[in-house]
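Each remark here refers to the structure printed beneath this line.
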Amino acid sequence: MTVQKFEFKTEVKELLNLMIHSLYSHKEIFLRELISNSSDAIDKARYESLTKSEIIDAAGPWKISIRRDRTAGTLIISDNGIGMTREEMIESLGTIAHSGTTDFLRALHEKDIKEKPELIGQFGVGFYSSFMVADKVTVVSRKAGTKDNKAVSWQSAADGSFAIEETEKDTVGTDVVLHLKEEEKKYLDEWELRTVIKKYSDYIEYPIVMEVEREREDEKEKGKKLKVTEEERINSGKAIWLREKSEVQEDEYKEFYKHISHDFGDPARTIHYKAEGTSEFIALLYVPSKAPLGMFYKDFKIGPALYVKKVQIMDHCEQLVPEYLRFVKGVVDSSDLPLNVSREILQNNRQVEIIKKNITKKVIDTLAEMKKNEYAGYVDFYKEFGRVLKEGIHYDMSKKEQIADLLLWTSSKTGPDTFTTLQDYVDGMPLAQEDIYYITARTYEEASNSPYLEAIREKNYEVLIMLDEIDDFIMGELFEYKGKKLRSVVRGDIDLDKEGESEKEKVKGEFEKLIDYMKEMLRDDVKDVRLSGRLKDSACCLVTEEGGLDPNMEKLLKAMGQAVPVTKRILEINASHPLLETMKGILEKEGRAPVLKEYSDLLYNQALLLEGSRPKDPTAFVKAVSKLMVDNATQKTA
Ligand code: ADP
Ligand code: MG
């Protein structure tokens with residue numbers, strides 16, 4: 001039999017290095033990871049056995065067994081699950097299959113991983129955690145359903161390579177043999193193992209058995225004790241979601257969450273319920289407190305696990321939750337679906353639709369309840385997942401209102417670190433205020449100093465400050481809240497004083513000539529020039545037409561390489577600003593003086609700067625400003 005050597009992929013080498021040299025705490029999780037792999041392997045075998053009876057015949061009752069060999073110093077974790085072929089072994093135990101790995105490793109370096117063992121497992125690196133306690137690992141596996149005893153062995157000492165060899169194995173399934181490090185020999189101790197298994201793997205559905213030594217009374221000779229070795233089941237194994245809510249301890253819920261989510265922290269909320277009526281199912285769902293690293297990657301696995309009558313059909317069923325609730329983890333166990341459902345069948349299944357609707361409602365209600373009763377916790381949740389939740393405004397018309405109620409915003413009145421809601425905003429609106437105002441910006445400071453807020457602020461109206469790139473788009477989709485229009489302060493005409501129409505007409509008349517002149521001068525750059533209802537201190541600003549593209553959005557789209565149609569915007573001028581008063585005077589006295597053209601250009605460039613854009617021609621702009629400064633200085637010294 002020949003031994004073949006393989007190099008680990010670079011990222012595996014790096015990972016192993018971290019495992020061995022940097023992680024000192026929580027080493028006991030290796031057992032959880034290996035048991036979890038065995039349990040997954042049995043899930044798969046059981047699923048296949050639904051259609052291929054020879055699989056169960058060969059395997060016997062499903063179980064995971066833990067054996068200890070004190071002489072050899074080895075701990076062996078065995079299962080009679082699906083097993084691996086030679087190729088599967090090379091693939092599964094030689095690479096890290098997930099594309100987010102590089103980012104994961106980077107995160108591991110940046111954060112202090114000694115304090116963050118929860119990162120292990122998030123990217124499916126579970127198996128390699130064996131090397132935290134073993135200096136050599138041997139895996140022997142025989143594929144489920146095979147008739148002869150041909151098997152494959154994989155061995156590595158985490159030294160950059162692994163060896164593959166053909167071998168023999170009497171039973172189907174997988175044995176993982178850990179050659180324990182000297183200082184980790186405590187994992188040969190029955191009580192140590194028992195504690196770790198109870199702590200992390202009690203809910204595993206299949207029996208986890210261990211050979212234990214006990215003293216028993218000799219049946220032949222009364223009073224004489226005999227040492228016997230017997231197999232004992234360690235875990236209680238009752239599927240946690242099938243138990244009554246009142247019988248499940250908080251800690252058990254938490255451990256189960258960690259098992260299915262690979263998250264080391266506690267969930268923010270646990271939702272456990274039984275649905276009856278049009279659809280019968282049990283759901284045990286979790287809202288995590290921390291966003292997993294891969295949440296925005298394409299291959300992020302969405303959805304709770306799907307079970308049909310206690311049999312796992314798939315570990316992530318994306319048809320069960322809308323994408324905007326993709327952070328929800330858990331288990332759904334249905335009594336209505338057939339055991340042989342495939343992904344294709346799930347796609348247009350009425351039962352699945354009903355379950356999805358039901359879960360969506362439950363999660364949204366839970367979030368609303370959390371926001372009401374446990375606000376601080378909700379804010380933490382929101383900081384992690386608000387960005388995802390918002391997508392629901394776009395994707396789920398039927399839930400728009402409810403989702404809108406879950407969103408949190410900073411505003412001109414909250415300061416940068418606290419939030420308000422649309423409801424609170426509306427409740428605080430003065431009688432005269434008709435619309436809800438918002439501004440999008442890159443930072444809170446930029447927004448709160450913005451000239452676009454001047455008049456609104458003077459009225460003491462609140463302005464929502466939105467810092468997420470997609471916010472403007474989301475607001476456009478939401479359109480209104482409780483009958484109040486949502487209006488971006490950079491868009492459309494803003495007219496806060498409904499009275500004083502005659503006064504406004506008068507001012508308009510006075511500025512008509514100047515406006516016409518500026519329109520002509522700036523005709524290549526702006527669509528229109530008009531008097532502003534939103535400015536108080538600044539001389540001018542640029543606004544977008546109602547329904548037009550917000551400049552931040554425009555930049556975002558451009559950055560994404562999208563073709564954005566060139567749209568001219570509107571220059572608004574502040575009639576009460578001395579500069580415009582002066583310009584009006586010059587025009588009246590001197591007619592079309594060259595200085596007016598210069599001023600018009602300068603105003604336009606200022607407006608560009610104020611909205612966060614670059615001047616049209618930075619060099620020309622700087623020259624013009626310098627010239628003004630020189631003129632001013634010469635006047636002063638003359
Ligand atoms: P994950 O479990 O997240 O996929 P692991 O590193 O724990 O990541 O395991 C890697 C892969 O190795 C598994 O996906 C599976 O294909 C294979 N594997 C590990 N242990 C077993 C086992 N006991 N039986 C069958 N396959 C296994
Ligand atoms: Mg695993």
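For the single chain, residues carry numbers from 1 onward in sequence order. Computed from a predicted model, the values in this text were never measured in an experiment. Just so you know, ligand 1 is whichever comes first in the structure, and atom 1 is the first atom listed for that ligand. Computation of the quantities below employed the complete heavy-atom set of this structure, encompassing side-chain atoms and omitting hydrogens, waters and symmetry-equivalent molecules.
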Within-shell test, Met84 vs ligand 1, heavy atom, strictly < 4.0 Å: yes
Passing option when Arg214 is tested against Glu230, Glu231, Glu232 for salt bridge (Lys or Arg N to Asp or Glu O under 4.0 Å): Glu232
Mode of Leu93 contact toward ligand 1 - side chain, backbone, both, neither (heavy atoms, under 4.0 Å): side chain
Closest candidate by heavy atom, reference atom 17 (C) of ligand 1, pool Gly173, Ser36, Ser38, Ser92: Ser92
Closest approach of Arg68 to Arg70 (non-hydrogen atoms, all atoms of both residues): NH1-NH2, 3.3 Å
Contact check: Ser36 to the Mg ion (ligand 2), N/O/S below 2.8 Å: no
Contact check: Tyr128 vs ligand 1, nitrogen or oxygen atoms, below 3.5 angstrom: no
Within-cut-off N or O pair, Ile82 and ligand 1, under 3.5 Å: no
Identified side-chain hydrogen bond (donor to acceptor under 3.5 Å, both in side chains) partner of Thr146 from the options Lys143, Arg142, Lys150: Arg142
Part of Asp79 with heavy atoms under 4.0 Å of ligand 1, whether side chain, backbone, both or neither: side chain
Glu28 and Thr195, any side-chain heavy atoms less than 4.5 Å apart: no
Within-4.5 Å side-chain heavy-atom neighbours: Arg326 and Glu391: yes
Student check: side-chain heavy atoms of Ser156 and Phe8 closer than 4.5 Å: yes
